[in-house]
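The next block holds one structure in the form of structure tokens; read it before the comments.
Position 1 is the first residue of the sequence, and the numbers go up from there. One-based numbering, in listed order, for ligands and for the atoms of each.
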Amino acid sequence: MLTFFHPHELSTHIHTLKKEGKRIGFFPTMGALHVGHLSLLEACKLTCDISVCSIFVNPTQFTNPDDLANYPRSEKTDAAALEMAGCDILFIPDKQEIYALEKPMSVTFDSLIQGFEGASRPGHFEGVARIVRLLFECVQPDEAFFGLKDYQQCLVIEELVKQLDLGIILHFIPTKREADGLAMSSRNQRLNVLQRQAAPAIYQALLWAKSHVGHYPPAELEKACIAQIEKEPALRVDYFKLADAHTLEPLVSQEKTSSIIALTAVFAGEIRLIDNLLLK
Ligand code: PAF
């Protein structure tokens, strides 16, 4: 595996690979890699000749300075795991260098970022879009891979690629879960024993929503799921909402909606866990 720290060196190398006709696959990460990230690599290797992973804890997408300061960092272990899993290129850019490449961008996400993570973390998706666009410019991928755990992020990236006409094929990969259903996340490492024991209640509530969708009005279903999660004293729900899976319009009645997603964010102490499930 080759590791690059400087954007221009990576770009030159990628240029050579593209001239040789290689298909470039890319999955951006913030490190603290787990099985979920490795499933992005696996998917990438299926359709691309060269797999590129980036590790960059992007400050512009954090709205809480403590969350940024406490975000787990484990570059050495991450690099070893990527190498063992057969990743071809690792890109670890420097903050100043990568942001120095930034040019103004006129992309609007409108209603896509008004609710859910966008409402709870104002500015978050603008930060994600800024860095993903910069990373795309450095890596010039033919295909890119993102985890569906960040469902709203997937829709934002889709919109970014469409509006900037980047022509990158996007793949959204299903969420990997622990045996008890907890969605894998780098933040899980920070849970204490009690919080970790309580956390599977999030997925249990999502499953309950899936089996009861259509039986109750959305608001009642949401209320019941929030109550189920908050039966665990270690958990506090930020939001649990049903939405149209394509537009993320909150669901008022389910009459006309062909595809429904439940999205949730839950606090375990200071740690914020997100998850989602397609209900129909
Ligand atoms: O999903 C993430 O880890 C981040 O939001 C991403 C896409 C790497 C951008 O920093």
Side-chain angles (χ1 to χ4, degrees), residues 4 7 10 25-41 43-44 51-65 67-75 77-79 81-82 87 89-99 101-102 105 107 109 112-113 116-118 120-139 141 143-161 164 166 168-176 183-190 263 265 271-276:
F4 291 88
L10 173 76
F26 175 48
F27 59 106
T29 80
M30 299 205 297
L33 302 183
H34 50 69
V35 172
H37 295 110
L38 296 180
S39 74
L40 303 183
L41 171 60
C44 179
S51 47
V52 184
C53 174
S54 64
I55 296 181
F56 181 66
V57 182
N58 173 36
T60 65
Q61 73 186 72
F62 283 82
T63 46
N64 173 350
D67 192 24
L68 173 61
N70 292 320
Y71 200 82
R73 288 165 169 86
S74 52
E75 261 170 34
T77 330
D78 290 345
L82 287 168
C87 185
I89 295 177
L90 172 58
F91 179 38
I92 310 182
D94 170 78
K95 180 177 133 198
Q96 261 80 33
E97 268 189 66
I98 188 133
Y99 271 106
L101 301 173
E102 194 171 30
M105 154 169 84
V107 180
F109 300 111
L112 214 48
I113 60 168
F116 314 105
E117 291 307 284
S120 294
R121 306 171 72 192
H124 169 69
F125 286 118
E126 286 83 350
V128 170
R130 283 174 70 186
I131 194 61
V132 170
R133 182 243 194 161
L134 283 168
L135 290 166
F136 279 168
E137 272 175 19
C138 298
V139 178
E143 303 184 24
F145 301 76
F146 293 85
L148 271 171
K149 185 172 84 69
D150 297 297
Y151 187 83
Q152 195 174 9
Q153 171 171 281
C154 290
L155 297 187
V156 167
I157 305 291
E158 201 166 53
E159 200 52 37
L160 179 80
V161 167
L164 297 179
L166 298 178
I168 299 168
I169 296 173
L170 295 173
H171 301 264
F172 300 135
I173 308 300
T175 303
K176 286 276 175 196
M184 288 189 183
S185 161
S186 308
R187 289 188 172 85
N188 293 353
Q189 296 179 21
R190 296 180 53 214
L263 298 151
I271 305 146
R272 197 162 172 283
L273 303 171
I274 61 169
D275 202 351
N276 65 76

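Looking from atom 3 (O) of ligand 1 to the surrounding protein, the closest heavy atom is M30 CG, 3.6 Å.
Short contacts between ligand 1 and P28, defined as distances under 4.0 Å to a heavy atom of the residue, involve ligand atoms 8 (C). Every atom of ligand 1 is numbered from 1 in the order shown, and the set under 4.0 Å from a heavy atom of T29 is 8 (C). Interface atoms of ligand 1 facing I131, defined by a heavy-atom separation under 4.0 Å, are 9 (C), 10 (O).
Two residues are said to be in side-chain contact when any heavy atoms from C-beta on lie closer than 4.5 Å; C53 and H37 fail this criterion. Two residues are said to be in side-chain contact when any heavy atoms from C-beta on lie closer than 4.5 Å; F145 and S39 fail this criterion. Side-chain contact between F91 and L135: present, with at least one pair of heavy atoms (C-beta onward) separated by less than 4.5 Å.
Polar contact with ligand 1: present for Q153 (N/O pair, distance under 3.5 Å). Inclusion of Q61 in the set of residues having an N or O under 3.5 Å from an N or O of ligand 1 is warranted.
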(request) Take R133 and M105, measure what side chain to side chain contact (heavy atoms under 4.5 Å, CB included) needs, and give me the verdict at the end. (result) CA-CA 9 Å; R133 182 243 194 161; M105 154 169 84; 3.6 Å; yes
(request) Might you work through the side chain to side chain donor-acceptor pair (under 3.5 Å) test for Y99 and N58, ending with a clear yes or no? (result) CA-CA 10 Å; Y99 271 106; N58 173 36; 2.6 Å; yes
